[in-house]
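Below, chains carry the letters A, B, ... as their sequence lines are ordered, and counting in each starts from 1.
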Number of protein chains: 2
Amino acid sequence: MKAAVESAQTQLVKYLRERGLKRTEERMAVLREALAFDGHFEAEDLQVALRRGGQRVSRATIYRTIKLLLDANLLRRSFSSVGKQTYYENMLGSRQHEHLICVRCGRVIEFTSDFLEEALKKEAAAHGFEFKRLRIEIFGECSTCSSASLD
Amino acid sequence: MKAAVESAQTQLVKYLRERGLKRTEERMAVLREALAFDGHFEAEDLQVALRRGGQRVSRATIYRTIKLLLDANLLRRSFSSVGKQTYYENMLGSRQHEHLICVRCGRVIEFTSDFLEEALKKEAAAHGFEFKRLRIEIFGECSTCSSASLD
DNA sequence: ATCTATGCAAATTCTTTGCAACATG
DNA sequence: CATGTTGCAAAGAATTTGCATAGAT
């Protein structure tokens with residue numbers, strides 16, 4: 001995983017150089033913290049993590065950098081549908097995974113399915129699309145919540 | 001489709017009665033307009049459509065009613081990822097369908113797959129979840145855009 | 001009558017932007 | 001030293017909420 005982190009950093013540096021953008025401490029720090037998350041996180045989580053590490057990065061820069069990292073394919077938007085914030089996750093452990101979300105308590109369970117991925121890639125191809133990525137979300141009530149709902 | 005609209009209205013009335021909520025003109029009007037949309041729409045589209053039909057319904061009520069309709073299973077959130085608004089679609093033509101989205105031009109193509117639905121319902125069950133609904137989004141570049149990107 | 005709904009405007013939340021000071025290539 | 005970058009605070013956009021009034025059961 002160490003190697004993957006380094007390669008992500010290299011990838012960012014390359015991305016920046018290629019378009020005449022600058023390698024700043026803030027950008028590298030945001031990437032570092034983003035890579036440190038295991039699961040999903042939101043903009044504020046990043047800022048908190050950075051602050052905890054002694055880095056003060058403004059909210060504006062966090063947002064600007066997130067955009068950059070999305071474009072550089074170092075982050076992806078995670079599941080989308082709880083609350084109004086946007087959730088992200090890094091592309092390490094790049095195993096594509098999907099989300100099963102409890103609509104009551106917000107608990108999120110990840111699952112994977114090569115077979116679904118394949119089927120969806122074919123679907124894209126069938127419509128002449130060049131496949132980029134996919135997102136699958138299943139909403140339901142987790143066992144805890146559904147047994148608690150005797151209201 | 002006429003019948004489906006009526007049944008949706010009945011469903012709302014029942015939903016309201018069951019929880020001691022009131023059958024108001026606004027709620028019925030919002031439902032009526034929501035059912036009139038063929039594809040996806042957002043909160044403002046609803047308000048515009050209502051106004052066009054001579055109904056003045058406040059933004060607050062639109063939002064409050066959308067929540068109600070979501071909960072009553074008369075609407076669902078549509079694809080999620082272009083811009084920051086939320087898109088909805090009614091449950092008529094209740095054929096569950098999913099979205100294939102061009103990340104360049106925003107074109108949205110709908111597709112269906114019973115077989116994927118089944119597989120995902122099983123996935124939910126396997127984790128002890130009571131299945132509610134699902135969303136599948138495939139992102140890619142449509143043929144028009146990918147041939148235009150010779151940059 | 002009672003209790004829920006609505007409209008309005010203010011408040012929130014998340015995200016973006018303008019601008020002056022600053023840092024990188 | 002020319003540009004791109006940052007932080008700050010203000011601006012925006014979408015959605016929510018408090019409260020007084022209106023309306024449904």
Side-chain angles (χ1 to χ4, degrees), chain A residues 9-10 12-34 40-51 53-72 75 77-88 106, chain B residues 9 12-34 40-51 53-72 75 77-88:
Chain A
Q9 292 174 333
T10 309
L12 175 57
V13 171
K14 176 162 168 265
Y15 174 93
L16 293 172
R17 194 170 34 220
E18 281 176 357
R19 32 212 103 195
L21 302 178
K22 290 170 180 168
R23 169 186 179 144
T24 64
E25 266 200 38
E26 289 84 350
R27 284 172 178 168
M28 298 315 282
V30 169
L31 174 62
R32 188 186 327 118
E33 292 304 334
H40 51 87
F41 56 88
E42 41 181 301
E44 181 167 21
D45 297 329
L46 263 184
Q47 192 172 32
V48 170
L50 283 160
R51 192 170 293 145
Q55 290 261 0
R56 226 181 297 85
V57 179
S58 74
R59 198 64 146 233
T61 295
I62 302 269
Y63 280 112
R64 289 188 277 230
T65 306
I66 284 175
K67 272 194 187 157
L68 218 68
L69 298 180
L70 285 171
D71 191 60
L75 289 187
R77 277 180 230 278
S78 182
F79 60 89
S80 56
S81 323
V82 187
K84 63 178 84 175
Q85 334 67 319
T86 308
Y87 292 97
Y88 307 92
Chain B
Q9 292 175 332
L12 176 56
V13 171
K14 177 163 167 266
Y15 174 92
L16 294 171
R17 195 170 34 220
E18 281 176 356
R19 32 211 102 196
L21 303 178
K22 290 168 181 172
R23 171 187 178 143
T24 65
E25 267 201 37
E26 288 85 350
R27 283 172 179 168
M28 297 315 284
V30 170
L31 174 62
R32 188 186 326 117
E33 293 305 334
H40 51 87
F41 57 87
E42 43 181 299
E44 180 164 23
D45 297 329
L46 263 183
Q47 192 171 33
V48 170
L50 283 160
R51 192 170 293 145
Q55 288 263 358
R56 228 181 299 84
V57 179
S58 74
R59 200 61 148 235
T61 296
I62 303 267
Y63 280 113
R64 288 187 277 230
T65 306
I66 285 175
K67 272 192 188 162
L68 219 67
L69 298 179
L70 286 171
D71 190 59
L75 290 187
R77 277 178 231 278
S78 181
F79 59 89
S80 56
S81 323
V82 189
K84 63 179 84 175
Q85 335 66 322
T86 308
Y87 293 99
Y88 307 92

Student: Please report the interatomic distance CZ(B:Arg32) to CD(B:Gln9), rounded to the nearest 0.5 Å.
Tutor: 7.0 Å
Student: Report the distance from atom NE2 of A:His40 to atom CD of A:Gln85, rounding to the nearest 0.5 Å.
Tutor: 11.0 Å
Student: Would you find more than 12 non-hydrogen atoms of other residues, nucleotides or ligands less than 6.0 Å from B:Glu18 atom CD?
Tutor: yes
Student: In whole Å, I'd like the distance from the CZ atom of B:Arg56 to the C1' atom of C:dG7.
Tutor: 11 Å
Student: My understanding is that only one of A:Glu26, A:Glu33, A:Arg56 makes a side chain to side chain contact (heavy atoms under 4.5 Å, CB included) with A:Leu50; could you say which?
Tutor: A:Glu33
Student: Going by heavy atoms closer than 4.0 Å, what residues in residues 59-66 of chain A are next to DNA chain D?
Tutor: A:Ala60, A:Thr61, A:Arg64
Student: Without decimals, in angstroms, what is the distance between A:Gln85 CD and D:dA14 P?
Tutor: 17 Å
Student: Please state how far atom CG in A:Leu16 lies from atom C1' in D:dT3, giving the value in whole angstrom units.
Tutor: 14 Å
Student: Can you tell me how far C1' of D:dA14 sits from CG of B:Leu46, to the nearest Å?
Tutor: 15 Å
Student: Say you draw a straight line from CD1 of B:Ile66 to CG of B:Asp71; how long is it, rounded to the nearest 0.5 Å?
Tutor: 13.5 Å
Student: Rounded to whole Å, how long is the line connecting atom CZ of A:Arg17 with atom C1' of D:dT5?
Tutor: 18 Å
Student: Counting Watson-Crick and G-U wobble pairs whose two distances are both under 3.5 Å, find the runs of 3 or more in a row that involve DNA chain C.
Tutor: C:1-25 with D:1-25
Student: Do you know which of A:Val57, A:Leu69, A:Leu21 makes side chain to side chain contact (heavy atoms under 4.5 Å, CB included) with A:Arg27?
Tutor: A:Leu21
Student: Please check the phosphate of C:dT16 (OP1 and OP2 only) for any side-chain N or O of A:Lys67 closer than 4.0 Å.
Tutor: yes
Student: Quick one: does NZ or CZ of A:Arg59 land under 6.0 Å from the six-membered ring centre of A:Tyr63, within 45 degrees of the ring axis?
Tutor: no
Student: As an exercise, state the distance from CD1 of A:Ile62 to NZ of A:Lys67, rounded to the nearest 0.5 Å.
Tutor: 14.0 Å
Student: B:Leu68 CG to C:dT4 P: how many Å, rounded?
Tutor: 14 Å
Student: B:Asp45 and B:Tyr88: side-chain donor and acceptor closer than 3.5 Å?
Tutor: no
Student: To the nearest Å, give me how far apart CG (B:Leu12) and C1' (C:dA5) are.
Tutor: 14 Å
Student: When the distance from CD of A:Glu18 to P of C:dG25 is rounded to whole Å, what number comes out?
Tutor: 15 Å
Student: Work out which heavy atom in B:Leu46 is nearest to a heavy atom in B:Ala34; give both atom names and the distance.
Tutor: CD2-N, 3.7 Å
Student: Nearest 0.5 Å please: distance from the OG1 atom of A:Thr61 over to the CD atom of A:Glu25.
Tutor: 12.5 Å
Student: If you take any heavy atom closer than 4.0 Å to DNA chain C, which residues from residues 21-32 of chain B end up in contact?
Tutor: B:Leu21, B:Lys22, B:Thr24, B:Glu26, B:Arg27
